[in-house]
Amino acid sequence: MLLAIDVGNTETVLGVFKGGQLTWHWRMATVRDRTADELALMFGGFLEQHGLSFTKQVTGVAIASGVPSVSVALRDMTERYFHFSPIVVEPGVKTGIPILIDNPREVGPDRVVNSLAAFAAYGGPSIVVDFGTATNFDVVSAKGEYIGGAIAPGIQISAESLTSRAARLPRIEIVAPKAVIGKNTIDAMQSGLVWGTVSEIEGMIERIEEELEAEPTVVATGGLAEVIVPLTDMVDHHEPWLTLEGLRLVFERNAGSDE
């Protein structure tokens, strides 16, 4: 079985694949200064819920991490507790997706594996919209090439900026209000954040389509996608575990099956 680990700036998502199928998954907060031993304790607790352990069942680990300190700790944890080296998405690892931008090393590993998973599932051209700490737009050509994208502040970042810089604005739950025209401060903030994000992604998708001169398949993923996707008809597929699926594909290209 394969343990796939997607380390984001805010959350870390874990998934266990059995026979190519995502069988179990968990979310935890990303803490940059956790040690390998602390991570082992947490991961061991997740695995134990389903009768799994470090020394049995799990035969491979694949990691996509945009947080260098966590990457180091995860490598150490894997080698010490699983007793083998992980597959880490980084330069030199086979992904099967050419990266056609000015400096391929700049592309975050999550963006690479998302693009790979989207192309494997739906072909190209495609756009992956990832609602994480940032809202990422990643574009894949008809040939399966990563050709670039865009990065915008995520919904949570925008909400935190409002409350930290405007003394009278409260912290709010990020949900769609009943109407676009808010009748109170909370509704107005929710409208700006949620419907503003909907307008942002619809506008970006339209502009990307114009540059591609094609109608790409739009795939949404990320923790807050479930808030936005029901509010627009421009997203074709919602794939909450797209990054984990991409990690499985990378693992197969570099180490074989996840059995």
Side-chain angles (χ1 to χ4, degrees), residues 1-18 22-95 105-114 116-117 130-134 136 151 153-154 156-157 160 164 171 221-224 240-256 258:
M1 288 187 282
L2 169 67
L3 173 62
I5 307 171
D6 169 28
V7 182
N9 287 293
T10 304
E11 292 185 337
T12 295
V13 182
L14 318 177
V16 172
F17 285 89
K18 182 178 181 181
L22 181 61
T23 306
W24 301 289
H25 49 76
W26 308 271
R27 287 184 183 271
M28 56 185 275
T30 298
V31 179
R32 295 167 188 263
D33 56 358
R34 280 195 178 117
T35 67
D37 294 326
E38 289 174 316
L39 289 170
L41 182 63
M42 298 188 72
F43 283 32
F46 289 134
L47 294 172
E48 188 177 347
Q49 293 177 1
H50 300 286
L52 307 178
S53 70
F54 289 112
T55 56
K56 298 178 180 178
Q57 294 95 22
V58 177
T59 56
V61 174
I63 301 169
S65 172
V67 184
S69 60
V70 179
S71 303
V72 172
L74 285 172
R75 284 182 190 270
D76 189 16
M77 182 204 73
T78 305
E79 291 169 356
R80 289 169 54 193
Y81 288 88
F82 286 100
H83 306 295
F84 53 75
S85 297
I87 300 296
V88 181
V89 181
E90 59 188 356
V93 170
K94 294 181 290 186
T95 62
R105 291 177 178 268
E106 291 180 351
V107 184
D110 56 333
R111 304 179 75 182
V112 175
V113 297
N114 283 346
L116 171 63
D130 186 354
F131 296 92
T133 303
N136 293 330
I151 303 172
Q156 196 67 53
I157 286 179
E160 291 172 358
S164 65
R171 292 185 177 275
T221 191
L224 287 170
W241 315 113
L242 188 72
T243 312
L244 298 181
E245 178 61 24
L247 279 168
R248 183 186 68 80
L249 294 171
V250 170
F251 180 81
E252 290 180 354
R253 283 165 169 74
N254 289 271
D258 59 355

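Numbering of residues begins at 1 and proceeds along the displayed sequence.
In this structure, S65 and P109 approach most closely via the heavy-atom pair O-CG, 3.3 Å. Nearest heavy atoms, V13 versus W241: CG1-CZ3, 3.7 Å. Taking each heavy atom of R32 and V67 in turn, the nearest pair found is NH1-CG1, 3.6 Å.
Judged by distance alone, with hydrogens and angles left aside, the side-chain atoms of S69 form no donor-acceptor pair with the main-chain N or O of D33 at under 3.5 Å. A distance-only check finds no donor-acceptor pair linking the side chain of T30 to the backbone of V7 [under 3.5 Å].
Once rounded to the nearest 0.5 Å, the distance linking CE of M1 with NE2 of H50 reads 10.5 Å. Once rounded to the nearest 0.5 Å, the distance linking CG of D76 with CG of L39 reads 9.5 Å. Rounded to the nearest 0.5 angstrom, E11 CD and R27 CZ are separated by 5.0 Å. Note that the CG atom of L249 and the CG atom of L244 stand 11.0 Å from one another [nearest 0.5 Å]. A distance of 9.5 Å separates CZ in R105 from CD in E90, rounded to the nearest 0.5 Å. Remark: N114 CG to D6 CG distance equals 7.5 Å, nearest 0.5 Å.
Looking only at side-chain heavy atoms (C-beta outward), M28 and R34 come within less than 4.5 Å of each other. Here the side chains of L14 and M42 are not in contact, with every heavy-atom distance at 4.5 Å or above. Side-chain contact check for L22 versus E245: every heavy-atom pair is 4.5 Å or farther apart. Contact of the L247 side chain with the V89 side chain is registered, since non-hydrogen atoms from C-beta on lie closer than 4.5 Å. Looking at Y81 and V58, their side chains never come closer than 4.5 Å, going by heavy atoms from C-beta outward. At a threshold of 4.5 Å between non-hydrogen side-chain atoms, the residues L3 and L52 do not count as touching. Contact annotation: the side chain of R75 approaches that of P86 to within less than 4.5 Å [non-hydrogen atoms, C-beta and beyond].
Defined by atom type and a distance below 3.5 Å, a donor-acceptor pair is missing between the side-chain atoms of D130 and T221. Side-chain contact, Q49 with W24: no donor N or O sits under 3.5 Å from an acceptor N or O.
For the side-chain contact (heavy atoms from CB on, under 4.5 Å) criterion with V250, the lone passing option out of I63, V112, I87 is I87.
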Next on the checklist: Let's go through I157 and T133 carefully: what are the C-alpha distance in whole Å and the side-chain angles of both, what is the deciding distance for side chain to side chain contact (heavy atoms under 4.5 Å, CB included) to 0.1 Å, and is it a yes or a no?
Outcome noted: CA-CA 7 Å; I157 286 179; T133 303; 3.6 Å; yes
Item to check | Residue pair F43, T78: steps toward the side chain to side chain contact (heavy atoms under 4.5 Å, CB included) verdict | outcome: CA-CA 10 Å; F43 283 32; T78 305; over 6 Å; no
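Atom CZ of R80 has more than 12 heavy atoms from other residues, nucleotides or ligands within 6.0 Å. The environment of E48 atom CD is sparse: at most 12 non-hydrogen atoms of other residues, nucleotides or ligands sit within 6.0 angstrom.
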